Amino acid sequence: MKFRKFTLFDTANNALIVMISLLMLYPFVNVFVVSISSYSAYIENPLRIFPKDITFGAYAQITRHPVLWSSYLNTIIVTISGVALGIFLYIVTAYPLSKSFLKGRRIIMLAIVFTMLFNGGLIPNYYLMRELGLLNSLPALVLPMLLSGFNLILMKTFMENIPEELEEAARIDGASDPYILFRIVVPLSLPIIATLCLFTAVAYWNNFFNAIVYIRDVDKWPLMLFLREIIEGAKLISISGGGVENAAEAGNVQITAETLQYATLMIVTLPILCVYPFLQRFFVKGIMLGSVKG
Amino acid sequence: MQATGKLQYWIRHRWLYIFLIPGLIYLLVFKYVPMFGVVIAFKELNLIRGIWGSDWIGLANFTTLFDSPHFYRVLRNSLLLSIYQIVWGFPAPIIVALMLNEVRQMAFKRISQTILYLPHFISWVVLAGILINFLSPSSGLVNHLITSMGYGPVRFLMEPSYFRSIIVSAEIWKEVGWGTIIYLAAMTGIDPTLYESATIDGASRLQRIWYITIPGIATTVVILLLLKLGNILDNGFEQVFLLYNPLTYETADIFETYTYRIGLQDGRLSYATAVGLFKSIVGFVLIVSANYAARKISGKSIW
């Protein structure tokens, strides 16, 4: 490492980056702080970044809501099954396609790319789910996002870059393809598998579109539908109510609305905030290795 | 001889084809079957008689579509939202990536990247919840700032004129950090000796960025821009659906939300399929042309 002077340019550049980073962090800090402050502290200064009159009342109230727990459980079920099935499918589909000698590889890749460029649209997909009898069921949240062409190509490209010699040696010893795939290729593909685990888990956890399209009953709601229901109440107030006077009149409804919503936002986002920093080092590497074409 | 060679290939590699079966069945059922489902657009769908039992109505849905003033509103909104998104949102990650690339303190760089990528992982439902509260006319922090400066509160989410700015800003906030990854990857591919010789020749930091880094990522920039243009009709359902309301339909309603409303809320399944099919076909033509252009310019294909 050569010694370089820390110039004015560096100072300005780093200061700007710090400002942008603070802009990214501010909403999270504010939401968290308001969620543990009293409502009067929020009204006094909604911009606050330090809590005042610390209370966990909003959390106590929202965690008593039975739908929070049923929707939490539904989201966990959907996320785990989506990630497990999805990763298995990515592995077994990407591996054969990473072999350049595979007959029919071109046409299969073309068929996969085509699904990224053209789709039937909302109604045919809805109709298919209806015909399969999956409307208003958790599989309707898992199946539509199981395999994405983009992720499949990431994994295929990664596997193409694994040295063939490693597999050859095992093959000479008489190892079968399933053995080679699961004992040699999969352990070598862990960076891309970790990356795709994070991507698919977040996609399932956050998905709202499939839920609003396919799910009706409250007991099948995933977390995002529950969260929307909590927010929707406040949205209606702010649309119909409007001015400051009205908010005061809204009285009791308004008093718990913000802190309650903020507490819900925190509870819903917490799992992502917890796992994200630990997986971050994997996915940047995974994306770069997967997208660099050989 | 030929036949036994072929047979040997299939026996030897049978597992590779067995591995492919579940994935291909999935694609067939969940991607290709809905593609054939677009025939609904040409029929008056009767849910009891099913697709095949329903009557053909030819292009009637498309004539209705092109005669509808809603169609032109939706088309205009979709295009304008994408154009604003490209004008403001496309350069943002390039600028941030150039800044990150100049950071010498590795720990500082890593921490900034962790923070900058974070919003990408936040659900639109969460972000919409935050925005609705921040922009609330009664108690939101934005209006707190505005009223403390002596102005009246602004009803941001009820005014059609603010809608696009709100969506575009939120999208930039959410995706700017994530968008830097691909440019940072392109920057690591630039030959470091170029920087060394430029330094010896006395080039300043800004000159090195302008004459080395930016030309070094130019191909990536062009390809990503073309990709964005190819997806100009795709705006994303969730952010608009969660933030719009009948008062802002005028500027907010896009293809995704329009299809959802007329199809699943009003139950006009055939007409909604026609709207979706129109979008899919135009989108397909655009993205294929974008790829053709990318190949002409850079010699690389997007896929």
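Naming convention: chains lettered A, B, ... in sequence-line order (proteins, then strands); numbering from 1 in each chain. Only a predicted model underlies this, so the values are computations on that prediction, with no experimental measurement involved.
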Q) Measuring heavy-atom distances to chain B, does Phe28(A) have an atom under 4.5 Å in its side chain, in its backbone, in both, or in neither? A) side chain
Q. Non-hydrogen atoms of chain A under 4.5 Å away: do they reach the side chain of Val96(B), the backbone, both or neither?
A. side chain
Q. Quick check: does any side chain N or O of Tyr42(A) sit under 3.5 Å from a backbone N or O of Ser139(B), one acting as donor and the other as acceptor?
A. yes
Q.
Among Leu264(B), Leu127(B), Val38(B), which residue has the highest count of heavy-atom pairs closer than 4.5 Å to chain A?
A. Leu264(B)
Q) Distance-only, no hydrogens or angles: does the Asn14(A) side chain make a donor-acceptor pair with backbone N or O of Arg104(B) under 3.5 Å? A) no
**Q.** Proximal component of Met109(A), with respect to chain B [non-hydrogen, under 4.5 Å]
**A.** neither
Q: Please flag which part of Leu135(B) lies under 4.5 Å from any non-hydrogen atom of chain A: side chain, backbone, both or neither.
A: neither
Q. Is Arg14(B) paired with Asp177(A) through a side-chain N to carboxylate O contact shorter than 4.0 Å?
A. no
Q: Side chain from CB out, backbone as N, CA, C, O: work out which of these in Ile17(A) comes under 4.5 Å of a heavy atom of chain B, or both, or neither.
A: both
**Q.** Donor-acceptor pair, side chain of Tyr183(B) and main chain of Leu98(B), under 3.5 angstrom
**A.** no
Q.
Which atoms of Phe88(A) are under 4.5 Å from chain B, going by heavy atoms: the side chain, the backbone, both sets, or neither?
A. neither
Q: Indicate yes or no: at least one non-hydrogen side-chain atom of Pro46(A) is less than 4.5 angstrom from one of Val34(A).
A: no
Q: Name the region of Ile91(A), side chain, backbone, both or neither, that has any atom closer than 4.5 Å to a heavy atom of chain B.
A: neither
Q: Determine the interplanar angle of the Tyr276(A) and Phe121(B) rings, folded into 0 to 90°, and report it as parallel if under 30°, tilted if 30 to 60°, perpendicular if over 60°.
A: tilted
Which pairs would a plain distance check flag for residues 19-35 of chain B, meaning a side-chain donor or acceptor within less than 3.5 Å of a matching protein atom at least two apart in sequence or in another chain?
unit_1, atom_1, unit_2, atom_2, d
Tyr26(B), OH, Leu143(A), O, 2.4
Tyr26(B), OH, Pro144(A), O, 3.3
Tyr26(B), OH, Leu146(A), N, 3.3
Tyr32(B), OH, Ala111(A), O, 2.5

Q.
Does any backbone or side-chain atom of Leu132(A) lie under 4.5 Å from a heavy atom of chain B? Answer side chain, backbone, both or neither.
A. side chain
**Q.** Residue pair Leu100(B) / Ser112(B), side-chain heavy-atom distance below 4.5 Å
**A.** yes
Q. Okay, side chain of Asn207(A), backbone of Tyr204(A): is any donor-acceptor separation there less than 3.5 Å?
A. no
Q) What is the ring orientation for Phe208(A) with Phe241(B), classed by angle as parallel under 30°, tilted 30 to 60°, or perpendicular over 60°? A) tilted
Q) Are Phe114(A) and Phe284(B) close enough that their ring centres sit under 6.0 Å apart? A) yes
Q: Measure Ser21(A) against the heavy atoms of chain B and call it side chain, backbone, both or neither at under 4.5 Å.
A: both
Q) Given that the side chain runs from C-beta out, which part of Met266(A) has a heavy atom under 4.5 Å from chain B: side chain, backbone, both or neither? A) neither
Q. Where on Phe9(A) is there a heavy atom nearer than 4.5 Å to chain B: the side chain, the backbone, both, or neither?
A. side chain
Q: Can you tell which part of Leu225(A) gets under 4.5 Å to a heavy atom of chain B, answering side chain, backbone, both or neither?
A: neither
Q: Give, as side chain, backbone, both or neither, the part of Arg48(A) having an atom under 4.5 angstrom from any heavy atom of chain B.
A: neither
(Q) Just so I understand: if I count every heavy-atom pair under 4.5 Å between each of His13(B), Met99(B), Lys174(B), Arg110(B) and chain A, which residue has the most? (A) Met99(B)
Q: Kindly say whether Gly120(A) contributes a backbone atom to a donor-acceptor pair with the side chain of Ser280(B) at under 3.5 angstrom?
A: no
Q | Options Val268(A), Ile43(A), Asn119(A), ranked by heavy-atom pairs under 4.5 Å with chain B, top entry | A | Asn119(A)
Q: Count the heavy-atom pairs under 4.5 Å between each of Ile272(A), Leu147(A), Val202(A) and chain B, then report the option with the highest count.
A: Leu147(A)
Q: Please look at Glu256(B) and chain A and tell me whether the side chain, the backbone, both or neither of the residue comes under 4.5 angstrom of a heavy atom of that chain.
A: neither
Q | Most contacts with chain A, counted as non-hydrogen pairs under 4.5 angstrom, among Phe134(B), Tyr9(B), Tyr17(B), Phe108(B) | A | Tyr9(B)
Q | Part of Ile122(B) within contact of chain A (heavy atom distance under 4.5 Å) | A | both
Q. What option among Leu152(A), Thr115(A), Leu273(A) has the most heavy-atom pairs under 4.5 Å with chain B?
A. Thr115(A)
Q) Which atoms of Val142(B) come close to chain A, meaning under 4.5 Å heavy atom to heavy atom: side chain ones, backbone ones, both, or neither? A) neither
(Q) Looking at Arg228(A) and Ile212(A), would you say the former's side chain and the latter's main chain have a donor-acceptor pair under 3.5 Å? (A) no
Q) In terms of heavy-atom proximity below 4.5 Å to chain A, should Leu45(B) be classed as side chain, backbone, both, or neither? A) side chain
Q. Taking the side chain from Ser35(A) and the backbone from Phe32(A), do they hold a donor-acceptor pair closer than 3.5 Å?
A. yes
Q. Side chain, backbone, both or neither: which part of Leu223(A) has an atom under 4.5 Å from a heavy atom of chain B?
A. neither
Q: Using a cut-off of under 4.5 Å on heavy-atom pairs, state which of Trp124(B), Trp173(B), Trp15(B) scores highest against chain A.
A: Trp173(B)
Q. With a 4.5 angstrom heavy-atom cut-off, which part of Leu277(B) approaches chain A: side chain, backbone, both or neither?
A. side chain
Q. How about Leu242(B) and Val125(B): do any of their side-chain heavy atoms sit closer than 4.5 Å?
A. yes
**Q.** Lys99(A), part contacting chain B, at a heavy-atom distance under 4.5 Å
**A.** side chain
